[in-house]
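These notes concern the structure reproduced below.
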Amino acid sequence: MDEVMTAADASSSSGSTTDHQLSILPLNLPLLSAFLAFAIGQFLKLFTTWVKERRWDSKRMLASGGMPSSHSATVTALAAAIGLQEGTGGSAFALAVVMACIVMYDASGVRLHAGRQAELLNQIVCELPPEHPVSNVKPLRDSLGHTPLQVVAGAVLGCTVAFLMKLYGR
């Protein structure tokens, strides 16, 4: 026998589907943990810049480099939240940990050294005579990477955010 669906049945069943679809984002602990850790990391750069340089620089909220590493905070929060939610035996956790290691290695290795090279090149260009064709080149960005301490601080922030999101997200 064929079942007949009334208009009331259709609206109530589609409402529950819509409610479920809308609740997917708030229930996604890893995604929310990662975004929150990134936002907190970027926001904290305002204060760490003030402590170090005694000046407020709102541009630091959108810049790379600095304390803490928001990239490290993001990938660590993602990995930790996946581990807390799904356990550490799954392939999602393994993938998140490997990606976190790559991002943190890159931040404290390749990007840090590229930033140091940019700093040196900027200094060389500044010492050129004004008539030199390269003397008017726009300076290279030298705040690209992170020190190991900044990477560790970001990782601690990410783990803390994931743990608190799991603890209070019940």
Side-chain angles (χ1 to χ4, degrees), residues 11-119 140-170:
S11 67
S12 68
S13 70
S14 68
S16 65
T17 302
T18 305
D19 291 342
H20 177 68
Q21 289 173 345
L22 291 176
S23 67
I24 288 174
L25 183 61
L27 295 178
N28 194 329
L29 175 69
L31 183 62
L32 288 176
S33 295
F35 284 148
L36 182 60
F38 179 81
I40 292 171
Q42 288 298 106
F43 183 70
L44 286 175
K45 289 180 183 184
L46 284 173
F47 299 100
T48 57
T49 300
W50 185 83
V51 167
K52 185 178 178 182
E53 301 174 15
R54 294 288 186 226
R55 66 182 178 93
W56 294 106
D57 186 4
S58 60
K59 293 177 186 175
R60 295 298 304 149
M61 285 184 64
L62 301 175
S64 60
M67 172 70 101
S69 167
S70 56
H71 289 91
S72 297
T74 303
V75 295
T76 306
L78 180 65
I82 289 171
L84 290 169
Q85 182 172 306
E86 300 176 11
T88 57
S91 56
F93 178 73
L95 177 65
V97 168
V98 169
M99 293 306 297
C101 290
I102 291 169
V103 167
M104 291 187 288
Y105 175 79
D106 180 64
S108 65
V110 176
R111 286 178 42 223
L112 176 64
H113 292 289
R116 288 181 178 165
Q117 287 178 352
E119 193 175 310
L140 299 170
R141 285 182 45 217
D142 57 4
S143 180
L144 298 173
H146 297 281
T147 64
L149 179 63
Q150 293 168 341
V151 171
V152 169
V156 169
L157 172 63
C159 288
T160 303
V161 167
F163 177 75
L164 292 175
M165 289 286 289
K166 177 69 175 175
L167 185 66
Y168 294 110
R170 294 180 190 197

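Side-chain atoms are counted along with the backbone in the values below, which use heavy atoms only and exclude waters and symmetry mates.
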* To do: Compare all side-chain heavy atoms of V75 with those of M99 and state whether any distance is below 4.5 angstrom.
  => no
* Asked: Does the side chain of P30 reach to within under 4.5 Å of the side chain of Q85, using non-hydrogen atoms?
  -> yes
* **For I82 against A96, the heavy-atom pair lying closest together** => CD1-CB, 3.8 Å
* Structure fact -> Tightest non-hydrogen contact, residues F38 and S70, listed as CE1-OG, 3.6 Å
* **side-chain contact (heavy atoms from CB on, under 4.5 Å) partners of L157, counting only residues at least two apart** => I40, L44, P68, A73, V161
* Asked: Out of curiosity, S108 OG to H71 NE2, how far, rounded to the nearest 0.5 Å?
  -> 13.0 Å
* Asked: Given V156 and T160, is the side-chain contact (heavy atoms from CB on, under 4.5 Å) satisfied, shown in steps?
  -> CA-CA 6 Å; V156 169; T160 303; 4.1 Å; yes
* Distance from L32 atom CG to L78 atom CG, nearest 0.5 Å? -> 11.0 Å
* Structure fact -> In terms of heavy-atom contacts, A162 and A81 come closest through CB-N, 3.7 Å
* Structure fact -> Closest non-hydrogen contact found for A77 with S33 is CB-O, 3.6 Å
* Of all the heavy-atom pairs spanning V151 and A107, show the shortest one and how long it is. => CG2-CB, 4.2 Å
* Distance (rounded to the nearest 0.5 Å) between K45 NZ and S69 OG -> 6.5 Å
* Please test L84 against M165 for side-chain contact (heavy atoms from CB on, under 4.5 Å), starting from the C-alpha separation and ending with a verdict. => CA-CA 10 Å; L84 290 169; M165 289 286 289; over 6 Å; no
* Structure fact -> Sorted by chain and number, sequence neighbours left out, ring-ring contact (aromatic ring centres under 6.0 Å, His included) with F47 holds for F43, W56
